[in-house]
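Naming: A, B, ... by sequence-line order, numbering from 1 per chain.
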There are 2 protein chains.
Amino acid sequence: MPHLLKDHIGVISPLSDEEFDYILSHFVFKKLKKHSFLVQEGNSVKYEYFVLKGCLKAYMSDSNTGKEFIYQFGVEDWWITDREAFFKQSAATINIDCLEDSEVLGITLENREKLVSEMRKYEHFVAVKANLGYISLQKRLQLMIMGSVKERYENFIQQYPHLINRIPKSFIASYLGVSRETLSRLYRS
Amino acid sequence: MPHLLKDHIGVISPLSDEEFDYILSHFVFKKLKKHSFLVQEGNSVKYEYFVLKGCLKAYMSDSNTGKEFIYQFGVEDWWITDREAFFKQSAATINIDCLEDSEVLGITLENREKLVSEMRKYEHFVAVKANLGYISLQKRLQLMIMGSVKERYENFIQQYPHLINRIPKSFIASYLGVSRETLSRLYRS
DNA sequence: TTGATTTTGTGATAAAAGTCACATCAGGAA
DNA sequence: TTCCTGATGTGACTTTTATCACAAAATCAA
């Protein structure tokens, strides 16, 4: 029985159907309308989410200027949450909302720790994921500091080819850390 | 018996002397002269290092412009390596060298995995560390995109108060992602 | 379909930061 | 001590990007 999450974990830790069913029983399914919030600043963050369908954005807004910076898009096969708030069980400092109708699977910190302690395979999956995430964040930081806007944009296209015409360019600009106008002027050449 | 690494791990996973001695036996001690390399671009990365003494910088250089970006300083109580190369056992894409005579403890990937699989406490320590590292990297990225140079500099002072007069300002500028001159003009006001 | 809102492109201008050049200063090595 | 190298501050100028303004195009909801 194929399942997006089963394959997702399976790439790192191959699972039997029984093992996966057991894992899946620790998740809750959520269906969300466009514009609804998955995580809201100030609230507690009970879940870490795996995206099955749709598109979400995680962003923080500057209290002074009111501008927002999108630090992550969540599409099929991606995880999304306010990591700090989730792990430290503190109040969210970011918002996550839906750019499209979306479907996600959520797992609580409690269930996550249960799975990690019960299943070596899940523990391994989670550890590998944490490493890969750290590495890709590091690359993004490097690109942000050393790369031109053009390089950043080209990199984005490679990473999210399907997002280019799926979401407003202003969101992409926010992710890249430039103004909407600068991004627009970039790809007329 | 106090030890910098014992206390460092102990904050997350308290250890008995026996447990710590066992952990320590998986590390090798290295003493390095100023200007020597701990990791060099193109080479393999056999160790992940915990800094006991001194100061190191991890940086990547742009192959086109030749400019370098320092993504991390390693001082007492910090870990440092080329994470990607270490975990994927691939060639290093960064350099790490000593700004001062330094002392580090290195652990191989093999020994790391051995400890993780043998000791729940070490596994827990490593997982928590990965999370905290991810979170702080995320904050740095946010500051890089949303914050002014001034804010970034002030944040740096908070995080590394002792580094300000210990290393050349040009390195701090590189870490902050600005030119040496801009940084210099910043704190005359 | 239609009217309203959002998104997008683009010009003009301002602000921020980079680059180049050079003088001074501090620290290390012989 | 003395010389030399590297670090630092600063002026002048250039480049990049942000900001503001507005019109055209696309999208959405009733």
Side-chain angles (χ1 to χ4, degrees), chain A residues 32-36 54-55 57 59 61-62 64-70 73 97-102 141-157 160 163-189, chain B residues 32-36 54-55 57 59 61-62 64-70 73 97-102 142-157 160 162-189:
Chain A
L32 297 141
K33 286 260 170 243
K34 186 172 174 173
H35 293 134
S36 64
C55 182
K57 67 181 210 285
Y59 60 98
S61 31
D62 187 297
N64 302 320
T65 62
K67 277 183 229 162
E68 65 181 52
F69 154 56
I70 296 173
F73 292 108
D97 65 29
C98 301
L99 303 181
E100 304 171 356
D101 291 354
S102 302
L141 180 67
Q142 180 193 3
L143 202 60
M144 193 60 65
I145 295 184
M146 301 226 302
S148 64
V149 179
K150 190 158 202 160
E151 284 177 285
R152 277 181 257 162
Y153 181 62
E154 280 160 4
N155 183 268
F156 181 84
I157 294 174
Y160 301 90
L163 274 191
I164 304 291
N165 294 309
R166 193 168 157 191
I167 60 174
K169 299 281 186 289
S170 57
F171 292 159
I172 298 178
S174 170
Y175 179 90
L176 297 178
V178 288
S179 70
R180 178 186 74 71
E181 293 93 332
T182 299
L183 180 62
S184 168
R185 280 184 252 264
L186 199 70
Y187 46 70
R188 70 177 157 185
S189 51
Chain B
L32 297 141
K33 285 262 169 242
K34 185 171 175 173
H35 294 132
S36 64
C55 182
K57 68 181 211 281
Y59 60 98
S61 31
D62 187 299
N64 302 319
T65 62
K67 275 182 227 161
E68 65 180 51
F69 155 56
I70 296 174
F73 292 108
D97 64 29
C98 301
L99 303 181
E100 305 171 353
D101 291 354
S102 302
Q142 181 193 1
L143 202 60
M144 194 58 66
I145 295 184
M146 301 227 302
S148 64
V149 179
K150 191 159 202 160
E151 284 177 286
R152 277 181 256 160
Y153 181 63
E154 279 161 4
N155 183 268
F156 181 85
I157 295 173
Y160 301 91
H162 41 293
L163 275 190
I164 303 292
N165 294 309
R166 192 166 156 193
I167 59 175
K169 299 278 184 291
S170 58
F171 292 159
I172 298 177
S174 169
Y175 180 90
L176 297 177
V178 288
S179 71
R180 179 185 73 72
E181 293 92 334
T182 300
L183 181 63
S184 168
R185 280 184 252 264
L186 199 69
Y187 46 69
R188 69 176 156 184
S189 52

Subject >> Strand-adjacent residues in residues 165-172 of chain A, judged by heavy atoms under 4.0 Å from DNA chain C >> reply: A:P168, A:K169, A:S170
Subject >> Heavy-atom side-chain contact between B:R152 and B:M146 under 4.5 Å >> reply: no
**OP:** Flag the pair A:I167 / A:I172 as yes when at least one side-chain heavy-atom distance between them is below 4.5 Å, and no otherwise.
**Re:** yes
Original post:
Is B:L32 close to B:D101 at the side-chain level, that is, under 4.5 Å between some pair of heavy atoms?
Top reply: no
**OP:** Answer yes if the ring centres of A:Y160 and A:F156 are under 6.0 angstrom apart, and no otherwise.
**Re:** yes
Subject >> Nucleotide interval of DNA chain D bounded by contacts with chain B (heavy-atom cut-off, under 4.0 Å) >> reply: D:dA7 to D:dA12
Subject >> Flag side-chain contact, heavy atom, 4.5 Å: B:F171 against B:Y59 >> reply: no
Original post:
Hey, does B:V149 have a side-chain heavy atom less than 4.5 Å from the side chain of B:L186?
Top reply: yes
**OP:** Counting heavy atoms from C-beta on, name the nucleotide in C:dG9, C:dT19, C:dG11 closest to the side chain of B:R185.
**Re:** C:dT19
**OP:** In sequence, state the C-alpha distance, the side-chain angles, and the governing distance for B:D97 and B:K57, and then conclude on side-chain contact (heavy atoms from CB on, under 4.5 Å).
**Re:** CA-CA 6 Å; B:D97 64 29; B:K57 68 181 211 281; 3.3 Å; yes
Original post:
Is A:C55 close to A:R166 at the side-chain level, that is, under 4.5 Å between some pair of heavy atoms?
Top reply: yes
Original post:
In whole angstrom, what separates B:K150's NZ from C:dA17's P?
Top reply: 11 Å
Original post:
Under 4.5 Å between any side-chain heavy atoms of B:Y153 and B:V178, yes or no?
Top reply: no
**OP:** Determine whether B:K34 and B:L99 make a side-chain contact, defined as any pair of heavy atoms from C-beta on separated by less than 4.5 Å.
**Re:** no
**OP:** Quick one, give me the B/S/- string for nucleotides 21-30 of chain C, reading 5' to 3', where B means a protein heavy atom under 4.0 Å from the base and S means that only happens at the primed atoms, P, OP1 or OP2.
**Re:** B---------
Subject >> Length of the line joining B:M144:CE and C:dA17:C1', which is rounded to integer Å >> reply: 14 Å
Subject >> Separation of C:dG9 P from A:L183 CG (nearest whole Å) >> reply: 8 Å
